[in-house]
K.L.:
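Dropping the structure in here first, questions after.
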There are 2 protein chains.
Amino acid sequence: MARAKRATLKSIASDLGVTHTSVSNAYNNPAKVSKALRDRIIAHARSVNYEGPNPAARSLRTGRCGAIGVLFNDQLSYAFTDPHDIAFLRGISSVCEEEGANIVLIPLQNKRPEQRDQLAAIVDGFILNAPYRSHPTIRQALARGLPTVVVDFDAPELSSVLTNDRAAMQAVVAHLLALGHRHLAIVTFPREEGTGEIRSLEDDFSDESYVVHERMEGCRDAVDAAGVPRSAVLVCETTNCEDGGQRAAAWLLRCRPELTALVCFSDRLAYGALAGAASIGRQVPGTLSVTGFDGIDPPGGMSPGQRLTTVRQNACEKGRRAAEILLCPDKEGTTSIAIEAEFVVGDTSGAAPEAGKQ
Amino acid sequence: MARAKRATLKSIASDLGVTHTSVSNAYNNPAKVSKALRDRIIAHARSVNYEGPNPAARSLRTGRCGAIGVLFNDQLSYAFTDPHDIAFLRGISSVCEEEGANIVLIPLQNKRPEQRDQLAAIVDGFILNAPYRSHPTIRQALARGLPTVVVDFDAPELSSVLTNDRAAMQAVVAHLLALGHRHLAIVTFPREEGTGEIRSLEDDFSDESYVVHERMEGCRDAVDAAGVPRSAVLVCETTNCEDGGQRAAAWLLRCRPELTALVCFSDRLAYGALAGAASIGRQVPGTLSVTGFDGIDPPGGMSPGQRLTTVRQNACEKGRRAAEILLCPDKEGTTSIAIEAEFVVGDTSGAAPEAGKQ
DNA sequence: ACGGCTGGGTTTATCGATAAACATCGGCGG
DNA sequence: CCGCCGATGTTTATCGATAAACCCAGCCGT
């Protein structure tokens, strides 16, 4: 059964002896066509299995297509393992549902670089939850000149939804310093070309993602205020998942047993770090404090009674607001929204052990 | 800063005094244009912020757009709370990443019915994980006549990815019957127009979703084989989330205290049912057995030590295979794949209490 | 009796690309 | 020296719709 040539506005029109404009109007502009003709048209269209105008053609002509593109900088298949990203998508989807918009998930091009294919997405705008401007796909998206909302991304010229990462992180570190911790390590996300060596807060983070940069600034705010030297705070990067956190923690604690606190840049890392710490016999919060960032539910079967000390941010709300800015613009021009993240003390941070030891 | 009129193939061509076809070829058909000209074109295009041909126009002309549409029958914002659906999407996305395809998430039209707007998605094919054919959006998708893969859906004319729900469910119920249970209730998903009354396995489920129908058949297979009357197995419907399971369990166990086993059609329901049972003092598996379906991780902080008796199915694999059928077709015609779900005995099912009581 | 309005259609231009057929030209085998 | 080929461009048709301008009959008020 070779697929029959599909009906078009024109074919329907000529079947019925009317003009294609009338058929178009029957679908889009019912007021411009008599009820009788409209019924005749719709009935005939149904009978030849025509379910409305071709979306690509319509989109070309009107310049709108009813979809928004969402770009993560991570792999999509990663995003679908990360509760934060999932909640973000849930927020976006709730608005899109309301507005009847489709969501186009756009994987980054990570194929062989010579392939450099074009960003084919047909969308009316973008939500970028992507820390790096430099990626070719992101560049292409920005070059389209479509309405765009960035999330946790430094782009003053665009609408944005931002979190107070800096202040929140400052609160975390201040909390640990107040508990007497002096040997801290930050567990952060990998750079594009990370070497993996241990750095410290003295180093330069201005090339890293907006989020990392802001959080590092927050850490500095806290240590500077406490008079602790930046060099005393180590920085270690690892992939953002439970496994990465576990490996990083185990390794750090073995190399630098004097550490008493791990400041993780995500809850996933933190939950992993808890497992890593347990694996080499460090007790939390007795001999080690661990903090996270995000406020997600603990992974299944993990640390049931214990609540993580973390920064709670509402990823769903971030998604929702971003989608709202794109789909329900109150006004021309750009909009910027700040979402407050909240520092919450849990059961994984406590007084530094033997404060006088050093 | 009014948005400058965007560059097009034609404008670039006339800027450079060449024909628009050459510009098109520079992007799509490098072999057909001299290296010198191509470089000149790309350089100029860059300088006027042109990042490649307009996707809608290209899609209209070529008939392809590099995206696949995914339709759930539930709300999208629900799908992003369900580990099964998320894993399914992860599977799809891993293939799409590989193939460089975009994913269009299409919310069902649930606005005012008079709105009956058209399915605007611009896609090359569909993955339908949608139990009901009757929904207008699903109808429109099917009417497009594009390559389509259905998942857990009864459509013999299309490619499909199916699970052996029936046999798996049969195993679950046979297991419970073997443990001596004679008063069972099935906790299932809501019908489109459910009334909420308690039914039994005697009732008719042929109008319900494919998945529900198959699983009910599996249950019947087991009870019929054991000589247990179908009327002895209750059927109760509730929304598919932990809360729904909890409410349904609490209510069922209060109305029908003689029940000793709850057969839940999803793990989310089952985890909810465990909470519901606990809330009214039933011990699992001592005085009540609970089974699930899916094999997802337990929700955060829930029943840490206890493993659910359930049917493990690989939702990620389902998504992957569906996407592969769509994006990497080996041959013409339709393909059907079966994915085996596996019954696993956990700690939530045990011998019926006081087998001799009744 | 006549100009203006309105409901219901039609004509024509256009959205921005790709595809296929066609032109031009230098080189090269016979 | 001729005819053909490959490399490089150009012309023209087309994908399937929407928008804007236009046309026309009937009706209305004056």
Side-chain angles (χ1 to χ4, degrees), chain A residues 3 5-41 45 48-66 117-124 143-146, chain B residues 3-41 45 48-66 117-124 144-146:
Chain A
R3 191 188 313 169
K5 193 160 170 8
R6 295 202 58 71
T8 66
L9 278 193
K10 208 184 321 188
S11 76
I12 303 236
S14 69
D15 288 357
L16 260 48
V18 299
T19 179
H20 63 277
T21 303
S22 291
V23 182
S24 172
N25 285 333
Y27 281 95
N28 306 312
N29 236 328
K32 291 205 167 177
V33 100
S34 68
K35 174 119 176 46
L37 179 54
R38 182 177 131 93
D39 289 349
R40 207 153 60 91
I41 289 174
V48 297
N49 206 32
Y50 181 83
E51 278 285 343
N54 176 310
R58 145 190 291 235
S59 162
L60 170 60
R61 185 62 239 242
T62 63
R64 306 191 23 78
C65 68
D117 37 24
Q118 298 144 35
L119 172 56
I122 304 174
V123 296
D124 296 333
R144 285 267 192 99
L146 294 173
Chain B
R3 191 189 313 168
K5 194 161 170 5
R6 296 204 57 71
T8 67
L9 278 193
K10 208 184 321 190
S11 75
I12 303 235
S14 70
D15 288 357
L16 260 49
V18 298
T19 179
H20 63 277
T21 303
S22 291
V23 181
S24 172
N25 285 334
Y27 282 95
N28 305 312
N29 236 327
K32 292 205 165 177
V33 100
S34 67
K35 173 117 176 47
L37 179 53
R38 183 176 131 93
D39 288 350
R40 206 153 61 92
I41 289 173
V48 297
N49 206 33
Y50 181 83
E51 278 285 341
N54 176 311
R58 143 189 295 233
S59 162
L60 170 60
R61 184 64 240 243
T62 63
R64 305 193 22 79
C65 68
D117 37 23
Q118 298 145 35
L119 172 56
I122 304 174
V123 296
D124 296 333
R144 284 267 191 99
L146 294 173

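Every value quoted in this text rests on a predicted model; they were computed, and no experiment measured them. Values reported hereafter were calculated over all heavy atoms of this structure, with side chains retained and with hydrogens, waters and symmetry mates removed. Within every chain, numbering begins at 1; the chains are lettered A, B, ... in the order of the sequence lines, protein sequences first and strands thereafter.
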K.L.:
Figure out the CZ/C1' separation between A:Arg58 and D:dC15, and round it to whole Å.
P.N.:
16 Å
K.L.:
Using a cut-off of 4.0 Å on non-hydrogen atoms, how would the nucleic acid contact of A:Asn29 be classed: base, sugar-phosphate, or nothing?
P.N.:
nothing
K.L.:
So which nucleotide from C:dA17, D:dA19, D:dG16 ends up closest to the side chain of B:Ala57?
P.N.:
C:dA17
K.L.:
Tell me the interatomic distance from B:Arg64, atom CZ, to C:dA19, atom P, rounded to whole angstroms.
P.N.:
12 Å
K.L.:
Take the protein atom NZ of B:Lys10 and the nucleotide atom C1' of D:dT10, then report the distance between them rounded to whole Å.
P.N.:
15 Å
K.L.:
Compare all side-chain heavy atoms of A:Pro55 with those of B:Arg144 and state whether any distance is below 4.5 angstrom.
P.N.:
yes
K.L.:
Would you confirm whether A:Arg38, through its side chain, and A:Asn25, through its main-chain N or O, come within 3.5 Å as a donor-acceptor pair?
P.N.:
no
K.L.:
Between atom CG in B:Asn28 and atom P in C:dA17, what is the gap in whole Å?
P.N.:
10 Å
K.L.:
Report the distance from atom NE2 of A:His20 to atom OG of A:Ser14, rounding to the nearest 0.5 Å.
P.N.:
11.5 Å
K.L.:
Treating primed atoms plus P, OP1 and OP2 as sugar-phosphate and everything else as base, which nucleotides of nucleotides 5-14 of chain C get B, S or - for protein heavy atoms under 4.0 Å?
P.N.:
----SBBBBB
K.L.:
The test is side chain to side chain contact (heavy atoms under 4.5 Å, CB included); show your working for A:Glu51 and B:Leu119 and say whether it passes.
P.N.:
CA-CA 9 Å; A:Glu51 278 285 343; B:Leu119 172 56; over 6 Å; no
K.L.:
Could you tell me whether a side-chain N or O of A:Asn54 sits under 3.5 Å from a main-chain N or O of A:Ala57, the two making a donor and an acceptor?
P.N.:
yes
K.L.:
Return the value, rounded to whole Å, for the distance between atom CD1 of B:Ile122 and atom P of C:dC15.
P.N.:
18 Å
K.L.:
Passes side chain to side chain contact (heavy atoms under 4.5 Å, CB included), A:Gln118 versus B:Asn28? Steps please.
P.N.:
CA-CA 10 Å; A:Gln118 298 144 35; B:Asn28 305 312; 3.7 Å; yes
K.L.:
When you measure from the side chain of A:Ser11 to the backbone of A:Ala7, do you find a donor-acceptor pair of N or O atoms at a distance under 3.5 Å?
P.N.:
no
K.L.:
Round to a whole Å and report the spacing from CG of B:Leu60 to C1' of D:dT18.
P.N.:
12 Å
K.L.:
With rounding to the nearest 0.5 angstrom, report the CD1 to OG distance, A:Ile41 to A:Ser34.
P.N.:
8.0 Å
K.L.:
Estimate the overall bend of the helix from C:dA1-D:dT30 to C:dG30-D:dC1 from the end axes over five pairs each, rounded to 10 degrees.
P.N.:
40°
K.L.:
Supply the atom-to-atom distance A:Ile122 CD1 to B:Cys65 SG, rounded to the nearest 0.5 angstrom.
P.N.:
5.0 Å
K.L.:
Does B:Tyr50 have a side-chain nitrogen or oxygen under 4.0 Å from the phosphate oxygens OP1 or OP2 of C:dA17?
P.N.:
yes
